[in-house]
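One structure is given here, and the rest of the page talks about it.
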There are 2 protein chains.
Amino acid sequence: MTIDHESGGPVWMQLAQILRDEIATMPKGRMLPSVRTLVQTYGVSDGTVKHALAELRAEGLIVTYQGRGSYVA
Amino acid sequence: MTIDHESGGPVWMQLAQILRDEIATMPKGRMLPSVRTLVQTYGVSDGTVKHALAELRAEGLIVTYQGRGSYVA
DNA sequence: GAGAATTTGTACGTATGTATG
DNA sequence: ACATACATACGTACAAATTCT
């Protein structure tokens with residue numbers, strides 16, 4: 001999956017969907033890639049990644065701990 | 001109410017509380033000050049104001065229309 | 001225990017797009 | 001055409017919590 005900056009809808013929503021699909025294949029408790037890694041992997045900004053993760057958190061798909069990372073809920 | 005940048009907790013949360021108090025005194029349908037105005041009034045950034053408003057939106061206290069403004073729900 | 005590295009949280013600045021008045 | 005206003009996006013910086021050496 002890649003990000004479409006033109007007419008693909010908001011980038012943070014696209015990223016959230018990509019991560020949703022990825023999470024679906026991961027076991028509960030597995031750590032997600034760090035924000036920094038996601039920035040590099042998908043070529044988006046820090047704020048966009050955090051926006052996407054906040055959405056997944058709000059959906060209860062992941063849990064996040066400061067200083068540790070985000071994990072599949 | 002003012003913002004305490006030291007040890008007063010996250011600014012966006014403080015602002016959200018200030019606005020919650022203000023909204024409690026406003027009639028339903030009344031328009032809130034614009035992001036721009038809140039930025040100037042409280043001396044915080046655009047992103048911080050938006051964060052606070054997003055919180056109030058998530059709580060159902062206000063509704064926001066693109067190109068118009070935010071209103072007491 | 002100390003210190004460095006990693007990772008998320010918060011905050012600000014700036015720019016562009018879109019919609020309304 | 002112009003001003004106003006929110007949404008999205010990128011970049012940057014520092015603080016706080018955790019982990020590792």
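Because the structure is a prediction, the values reported are computed rather than measured. Order of the sequence lines sets the chain letters (A, B, ...), proteins ahead of strands, with each chain counted from 1.
In 5' to 3' order, the nucleotides of DNA chain D bounding all contacts with chain B (an atom under 4.0 Å from a heavy atom) are D:dA5 to D:dT8.
Each of B:L15 and B:Y71 belongs to its own hydrophobic cluster when Ile, Leu, Val, Met, Phe, Trp and Tyr are linked at side-chain heavy-atom distances under 4.5 angstrom.
Remark: B:M26 pairs with B:E22, B:R30, B:L32, B:V72 by the side-chain contact (heavy atoms from CB on, under 4.5 Å) rule, at least two apart or across chains. Evaluation of the salt bridge (charged side-chain N to carboxylate O under 4.0 Å, His left out) rule for A:R68 yields no partner, not counting sequence neighbours. Checked against side-chain contact (heavy atoms from CB on, under 4.5 Å), B:Q40 has the following partners two or more places apart in sequence or in another chain: B:R36. A:Q66 meets the side-chain contact (heavy atoms from CB on, under 4.5 Å) test with no other residue; sequence neighbours excluded. In this structure A:S45 satisfies the side-chain contact (heavy atoms from CB on, under 4.5 Å) test together with A:T48, sequence neighbours excluded. Applying the side chain to side chain donor-acceptor pair (under 3.5 Å) rule to A:T41 yields no partners; only residues at least two apart in sequence or on another chain are considered.
Near DNA chain D, meaning a heavy atom under 4.0 Å from it, residues 60-73 of chain A has A:Q66, A:G67, A:R68 in order of number. Applying a 4.0 Å cut-off to non-hydrogen atoms, the residues of residues 33-51 of chain A that approach DNA chain C are A:S34, A:V35, A:K50, listed by residue number.
Note: CE (B:M13) to P (C:dG9) measures 11 Å, nearest angstrom.
Sequence neighbours left out, the pairs with a member in residues 30-51 of chain A that pass ring-ring contact (aromatic ring centres under 6.0 Å, His included) are A:W12-A:H51. Counting only residues at least two apart or on different chains, the salt bridge (charged side-chain N to carboxylate O under 4.0 Å, His left out) pairs with a member in residues 48-61 of chain B are B:R20-B:E59, B:D46-B:K50.
Taking a pair to require two hydrogen-bonding distances under 3.5 Å in either a Watson-Crick or a G-U wobble arrangement, D:dA1 remains unpaired.
Rounded to the nearest 0.5 Å, atoms CG (B:L19) and OG (B:S70) are 9.5 Å apart.
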